[in-house]
There are 2 protein chains.
Amino acid sequence: MTQTYPMTTEGELSLRIASALRDAIVEGRLIVDQRLPSEQELAEQFGVSRPTVREALKRLAAQNLIRTQRGATGGAFVNRLSFHEAYSQQITTSTLLLSMNQVDFETACEARYALERACVPLSAQRRTADHLATMRAEIHRQNQPGLSDESFCASDVAFHRALVDGAGNPVLSYQLAGAVEAMQPLMNMITFSARSRERIVGFHTAIADAIEAQNSALAETALAALCSYTIDLANNVRAQRQTRTT
Amino acid sequence: MTQTYPMTTEGELSLRIASALRDAIVEGRLIVDQRLPSEQELAEQFGVSRPTVREALKRLAAQNLIRTQRGATGGAFVNRLSFHEAYSQQITTSTLLLSMNQVDFETACEARYALERACVPLSAQRRTADHLATMRAEIHRQNQPGLSDESFCASDVAFHRALVDGAGNPVLSYQLAGAVEAMQPLMNMITFSARSRERIVGFHTAIADAIEAQNSALAETALAALCSYTIDLANNVRAQRQTRTT
DNA sequence: TTATTCTAATTGTAAGACAATTAAATGTTT
DNA sequence: AAACATTTAATTGTCTTACAATTAGAATAA
């Protein structure tokens with residue numbers, strides 16, 4: 001039997017069609033890798049033109065819900081939403097959310113470290129040699145004198161990624177991707193002096209040591225210290241800017 | 001000066017145009033509430049047809065990056081991504097991620113409670129009377145005997161939302177929305193006996209008491225207990241199902 | 001059998017037309 | 001002059017038709 005797609009009765013057609021198909025996917029009536037009817041067939045089923053169907057499909061494609069293939073056996077297929085795709089979606093959304101809503105640095109920072117703190121006990125317990133090696137490598141990079149602020153921040157993100165991934169829980173990693181990565185633009189606005197870098201690396205080393213020793217409490221302490229230090233740093237930068245402009 | 005939108009040189013046109021516009025928004029070259037050129041103008045600027053431009057715009061609309069208005073002064077406008085919209089996007093993505101990737105209940109559960117645990121210290125410190133009242137009200141509802149499993153789970157979600165929101169950090173609330181809400185379908189698969197409900201309500205009461213007393217450590221303990229009890233419950237349900245089918 | 005060509009299906013893109021909607025300009029009446 | 005009604009222009013939403021590009025599979029030839 002051919003499937004039918006219940007549709008709402010108000011709003012733009014392409015939106016209604018997209019919603020109908022999305023519901024079918026979310027509710028499992030269309031399963032992963034299943035091929036949707038061709039655009040022509042969809043147009044007939046919904047009683048609309050092909051361009052309208054296409055607009056609806058593009059909406060779904062933007063959410064990575066479907067992929068399309070050209071050619072004889074082509075069409076639109078229900079996508080298995082990979083963790084990787086979900087990561088990047090989440091990072092985009094989080095970044096926009098932070099930049100558009102005047103979220104102050106302190107709030108974002110607090111959220112980020114609170115979430116990381118949640119990972120610490122698991123990470124201390126389960127971290128592999130790989131995770132430890134990544135953390136050490138990033139610490140080493142952060143010690144290079146010629147490193148730009150952007151690269152320093154990127155390395156910072158990589159370090160914390162390793163910490164989070166060490167928990168060995170992909171759901172946790174996914175949820176945290178946004179929080180950690182979206183902070184980078186905000187972090188980039190802080191100019192790191194050699195002195196402050198040194199201290200941050202110190203905190204990182206303390207965290208890595210604690211994780212290696214599987215000492216959860218110690219790692220949490222070091223993380224908390226890093227959090228408050230980062231916030232202080234941001235406040236100082238802001239204060240300096242105000243002094244300079246007045 | 002009219003803005004130009006740097007475009008990549010491979011892939012589908014509508015995708016490239018969408019990416020070019022998205023970059024302009026993310027990088028701040030198009031700011032909130034700014035009006036994009038009309039579809040006609042965009043088509044000319046990019047050297048493509050209007051339907052192609054429209055497909056690109058639908059992609060952006062699907063991500064809540066733009067909104068469109070008809071009429072004389074209509075057009076596409078850069079959207080301020082609200083926390084509310086970001087919530088629902090995140091919930092949809094998280095739900096799909098969980099349902100499509102065979103994430104086992106234990107992993108999802110672990111992630112959820114680890115994240116909630118991150119909120120507890122802040123929530124214990126900052127929770128308002130409102131948050132406490134919501135938690136108490138949901139506990140009361142969960143005690144009603146006639147409550148369906150779905151309603152019980154929904155109330156459970158509401159309770160934990162209040163716990164998370166109590167931290168008073170919108171970024172944290174946003175990040176957790178996915179983790180908590182996306183769990184509901186998984187939770188719904190557990191049939192709650194009267195006995196198990198009673199115990200869950202007991203944990204909830206302990207959490208609410210601890211939060212009210214601003215005792216963070218106690219709340220964390222109760223949350224951890226709830227976590228392991230929930231996982232046990234799920235394991236039992238699974239074991240029973242296997243017994244029944246064999 | 002293997003390689004090549006053809007064919008049909010499907011998506012990607014284009015062009016033009018008309019409908020629906022909306023705000024502003026214009027006209028009309030009191 | 002002010003309030004109200006009408007027209008107008010701009011813009012998005014949708015439809016129709018057509019063609020290009022791509023791809024798998026079938027048909028064909030070596």
Side-chain angles (χ1 to χ4, degrees), chain A residues 2-3 5 7-22 24-25 30 32-79, chain B residues 2-3 5 7-22 24-25 30 32-79:
Chain A
T2 36
Q3 186 162 1
Y5 307 98
M7 221 180 14
T8 55
T9 55
E10 53 185 22
E12 297 162 23
L13 282 172
S14 73
L15 193 65
R16 281 154 57 191
I17 293 167
S19 296
L21 293 174
R22 178 163 36 239
I25 294 173
L30 286 169
V32 167
D33 290 335
Q34 186 172 343
R35 183 182 177 281
L36 273 66
S38 73
E39 297 177 351
Q40 198 60 251
E41 287 172 318
L42 283 174
E44 287 163 13
Q45 284 182 32
F46 284 109
V48 301
S49 69
R50 217 186 115 206
T52 302
V53 167
R54 284 182 60 80
E55 287 180 8
L57 293 179
K58 293 311 161 202
R59 299 183 111 110
L60 300 180
Q63 299 183 303
N64 282 308
L65 290 178
I66 60 168
R67 63 182 181 279
T68 53
Q69 268 182 344
R70 292 216 269 202
T73 60
F77 298 84
V78 178
N79 225 354
Chain B
T2 35
Q3 188 162 357
Y5 308 98
M7 219 179 16
T8 55
T9 54
E10 53 185 22
E12 297 162 25
L13 282 172
S14 73
L15 192 64
R16 282 154 57 192
I17 293 167
S19 296
L21 293 174
R22 178 164 34 238
I25 294 172
L30 286 170
V32 167
D33 290 336
Q34 186 173 343
R35 183 182 176 280
L36 272 65
S38 73
E39 296 177 352
Q40 198 61 249
E41 286 171 318
L42 283 174
E44 287 163 14
Q45 285 182 32
F46 284 109
V48 301
S49 69
R50 218 187 114 206
T52 302
V53 167
R54 284 183 60 79
E55 288 181 8
L57 292 179
K58 292 314 159 202
R59 297 183 112 109
L60 300 179
Q63 300 183 301
N64 282 309
L65 290 177
I66 60 167
R67 62 182 182 278
T68 53
Q69 268 181 344
R70 291 217 269 202
T73 60
F77 297 85
V78 177
N79 227 354

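Chain identifiers are assigned alphabetically (A, B, ...) following the order of the sequence lines, protein sequences preceding nucleic acid strands; residue numbering begins at 1 within each chain. Nothing here was measured: the structure is a model prediction, and the numbers come from that model. No hydrogens, no waters, no symmetry mates; every other heavy atom, side chains included, goes into these values.
With rounding to whole Å, B:Glu39 atom CD is found 16 Å from C:dT13 atom P. Rounded to whole Å, atom C1' of C:dA14 lies 12 Å from atom CD of B:Gln40.
Residue pairs meeting the salt bridge (Lys or Arg N to Asp or Glu O under 4.0 Å) criterion with at least one partner in residues 36-49 of chain B, sequence neighbours excluded, are B:Glu39-B:Arg50, B:Glu39-B:Arg54.
Residues satisfying the side chain to side chain contact (heavy atoms under 4.5 Å, CB included) criterion with B:Pro51, sequence neighbours excluded, are B:Ser49. In this view, A:Arg67 and A:Asp33, A:Phe77, A:Asn79 satisfy the side chain to side chain contact (heavy atoms under 4.5 Å, CB included) rule, not counting sequence neighbours. Contacts of A:Ala24 classified as side chain to side chain contact (heavy atoms under 4.5 Å, CB included), with partners at least two apart in sequence or in another chain: A:Gln3, A:Tyr5, A:Arg29, A:Leu30. Contacts of A:Arg35 classified as side-chain hydrogen bond (donor to acceptor under 3.5 Å, both in side chains), with partners at least two apart in sequence or in another chain: none. Under the side chain to side chain contact (heavy atoms under 4.5 Å, CB included) criterion, A:Thr73 pairs with no residue at all, not counting sequence neighbours.
Heavy-atom distances under 4.0 Å link DNA chain D to B:Arg50, B:Arg54 of residues 47-54 of chain B, given in residue order. Near DNA chain D, meaning a heavy atom under 4.0 Å from it, residues 57-70 of chain A has A:Arg70 in order of number.
Running 5' to 3' along DNA chain D, contacts with non-hydrogen atoms of chain A at under 4.0 Å begin and end at D:dG13 to D:dA24.
In this structure a side-chain-to-backbone donor-acceptor pair under 3.5 Å is missing from A:Thr52 to A:Val48.
The two residues B:Glu12 and A:Thr68 make their nearest non-hydrogen contact at OE2-OG1, 4.2 Å.
A residue-by-residue look at A:Leu15 and B:Ala72 shows that B:Ala72 has its nearest nucleotide of DNA chain D further toward the 5' end.
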Review item, side-chain donor-acceptor pairs of residues 56-66 of chain A, under 3.5 Å, at least two apart:
unit_1	atom_1	unit_2	atom_2	d
A:Arg59	NH1	A:Ser14	OG	2.9
A:Gln63	OE1	A:Arg22	NH1	2.3
A:Asn64	ND2	A:Gln89	OE1	3.3

